[in-house]
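Presented below is the structure to which this report refers.
In listed order, ligands and their atoms are each counted from 1. Note that the structure is a prediction, hence the values are computed from the model and not measured. The figures here come from the full heavy-atom set of this structure, side chains too, leaving out hydrogens, waters and symmetry mates.
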Amino acid sequence: MLRHPDPEVLVVGAGPVGLVAALCLQRQGVRTEIIDMHRLAHQHSYALALHPRTLRILEEAGLSEAVIGAGRKLTKVAYYEGRERHAEIDYSALASEHPYLLVLRQSLLERAAEAALHQHGLEVRWGHRLQSLNAAAVPPQAEVAQLDQVASGYPVAHTEWVVARSETARPAYVIGADGYDSAVRRMAGIEMEEHGAGTVVSVFEVEAAGELPGEVRVMLDADTTSVYWPLEEGRCRWGFQIADAAGHEASMERLEQLIAARAPWCTARPTRIYWSTLALFATRVARSFGTGGVWLAGDAAHQAAPVGVHSMNSGLVEGRELAARMTQALRGGAGPGRLQEFASETRQAWQRLVGAEREVGALPGASAWVREARTRIVACVPASGDDLEPLLRQVGLTLAS
Ligand SMILES: Cc1cc2nc3c(=O)[nH]c(=O)nc-3n(C[C@H](O)[C@H](O)[C@H](O)COP(=O)(O)OP(=O)(O)OC[C@H]3O[C@@H](n4cnc5c(N)ncnc54)[C@H](O)[C@@H]3O)c2cc1C
């Protein structure tokens with residue numbers, strides 16, 4: 001069960017966001033617990049790029065060495081329609097200690113963060129689920145259940161999860177980093193605000209023969225947005241937006257068809273599909289990022305279409321910000337107003353990124369194609385914070401009003 005009878009902060013969810021938030025807290029000497037209802041860690045290679053701003057955060061958390069060495073640095077993202085290259089952004093022009101995009105599988109980031117947590121003396125409580133949360137209580141009351149797997153059934157045996165025991169914690173703060181179906185968010189009564197219908201994506205991770213471009217390529221046609229990510233030598237990831245789930249088929253034939261239609265510039269031939277899946281990305285933002293003792297970060301608070309890798313990258317920044325402000329509040333250095341400030345600023349930034357009211361300006365030199373596609377391009381720039389505007393300006397766009 002929990003290590004501390006009275007943790008100062010309980011982090012719910014040990015995905016990338018929860019792990020980094022817990023690491024920042026633990027490094028500051030805050031009594032932290034981190035729980036996750038699953039037992040198998042680091043299964044996913046889903047989100048696969050870290051923004052320059054995120055790399056600065058990971059550096060502060062002591063993770064940059066493990067992470068940067070394991071990833072692939074890319075400096076260019078190009079925007080295509082058919083064979084035509086219409087625009088490109090170049091990260092090497094950024095005034096940043098990390099003027100590049102780091103391609104790194106989510107599972108590797110999680111592994112590095114969990115190893116660093118271990119070095120700092122904190123273990124993730126895997127197989128522990130948040131059962132209930134009284135968010136209005138001061139401090140909040142969180143019931144945590146330890147899950148055990150039992151075998152039952154005859155003549156057909158099966159295994160199921162049962163609650164072995166449970167415990168109530170009263171931490172000063174709870175961070176809900178528990179993903180898109182966040183129990184913390186639901187239990188705190190926070191609703192999501194939807195922005196559009198969401199994006200259905202057919203994802204393929206493949207081995208290919210022939211020359212694979214060493215840059216990210218975003219393909220925008222009239223109705224769909226697709227993306228190509230180079231991975232390690234000879235390997236790449238495709239994400240093709242499709243109309244609905246019926247359009248997904250994890251076969252070589254379907255993959256070749258999609259490449260021919262959306263990426264006619266690709267001369268490499270897929271030789272093996274490592275994995276393929278159908279993913280649905282909603283575009284939504286929580287009406288509030290928290291209040292009192294309960295706060296949200298990452299997919300628990302927002303989701304967006306995948307090309308910009310915004311949800312995980314912003315989530316990592318949010319986890320670090322919450323950890324810093326909670327530490328200050330716990331040590332008497334700042335009032336809880338700093339958390340509220342964080343919540344409203346972060347929500348505003350998300351509204352600007354995905355909200356219907358976002359305004360994207362075109363600068364005088366912007367091409368007709370860029371002008372036409374401008375709101376779609378903004379969602380497809382893998383960058384955040386202060387880095388976003390200078391990169392957008394390279395293609396003739398601006399978010400500044
Ligand atoms: C197939 C696929 C492809 C993807 N590709 C991309 C991409 O290309 N670009 C991109 O930006 N994003 C992508 N994503 C999304 C990306 O994986 C998420 O943005 C990222 O994982 C969010 O991290 P997180 O830490 O906020 O939440 P998560 O990684 O979802 O972690 C939440 C954790 O909370 C735990 N949890 C949930 N409820 C409870 C509870 N009640 N008690 C205890 N623990 C709980 C879960 O077990 C989970 O481990 C993809 C996702 C999928 C599924």
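Here's the thing with Met37: one of its N/O atoms is less than 3.5 angstrom from an N/O atom of ligand 1. Residue Pro306 places at least one N or O, backbone or side chain, under 3.5 Å from an N or O of ligand 1. Ligand 1 has an N or O atom lying under 3.5 Å from an N or O atom of Asp36, backbone or side chain. Between Leu130 and ligand 1, at least one pair of N/O atoms sits closer than 3.5 Å. In terms of N/O distances under 3.5 Å, ligand 1 is approached by His38. Considering backbone and side-chain N/O of Asp299, one or more are found under 3.5 Å from N/O of ligand 1.
Under 4.0 Å from ligand 1, the heavy atoms of Ala177 that appear belong solely to its backbone. Contacts between Ala183 and ligand 1, counted as non-hydrogen atom pairs separated by less than 4.0 Å, involve the side chain only. Contacts with ligand 1 closer than 4.0 Å are made by side-chain heavy atoms of Phe281 only, the backbone lying farther away. Using a 4.0 Å cut-off between heavy atoms, Thr277 contacts ligand 1 through its side chain alone, with no backbone atom that close.
For atom 16 (C) of ligand 1, the choice among Gln106, Gln303, Arg185 with the nearest heavy atom turns out to be Gln106.
A donor-acceptor distance shorter than 3.5 angstrom exists from the side chain of Asn313 to the backbone of Ala49, with no hydrogens or angles considered. Distance alone, capped at 3.5 Å, places no donor-acceptor pair between the Asp178 side chain and the Gly13 backbone. Side chain of Arg129 to backbone of His38: no donor-acceptor contact under 3.5 angstrom is found. Although no hydrogens or angles enter the test, the distance criterion places no donor-acceptor pair under 3.5 Å between the side chain of Arg56 and the main chain of Glu97. With Ser344 contributing its side chain and Gln340 its backbone, the two residues share a donor-acceptor pair below 3.5 Å. Side-chain atoms of Trp295 come within 3.5 Å of backbone atoms of Gly292 as a donor-acceptor pair (strictly under, hydrogens ignored). Looking only at distances, no side-chain donor or acceptor of His302 sits under 3.5 Å from a matching main-chain atom of Met192.
Shown here are the side-chain hydrogen bond (donor to acceptor under 3.5 Å, both in side chains) partners of Glu249, two or more places apart in sequence or in another chain: Ser251. Arg254 is linked by a salt bridge (charged side-chain N to carboxylate O under 4.0 Å, His left out) to nothing, counting only residues two or more places apart in sequence or in another chain.
Every atom of ligand 1 is numbered from 1 in the order shown, and the set under 4.0 Å from a heavy atom of Val17 is 24 (P), 25 (O), 26 (O). For ligand 1, the atoms lying closer than 4.0 Å to a non-hydrogen atom of Val12 are 42 (N), 43 (C). Contact atoms of ligand 1 toward Pro16: 23 (O), 25 (O), 29 (O) (distance under 4.0 Å to a heavy atom of the residue). Less than 4.0 angstrom separates some heavy atom of His128 from each of these atoms of ligand 1: 43 (C). For ligand 1, the atoms sitting less than 4.0 Å from at least one non-hydrogen atom of Gly13 are 33 (C), 34 (O), 35 (C), numbered in the order shown with element in parentheses. Within the listing of ligand 1, atoms 26 (O) sit less than 4.0 angstrom from a heavy atom of Gly298.
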Next item on the list: Could you go through the side-chain contact (heavy atoms from CB on, under 4.5 Å) check for Leu397 and Leu363 one step at a time?
Entry: CA-CA 6 Å; Leu397 297 178; Leu363 299 169; over 6 Å; no
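Remark: Arg338 engages Glu341 in a salt bridge, criterion side-chain N to carboxylate O under 4.0 Å.
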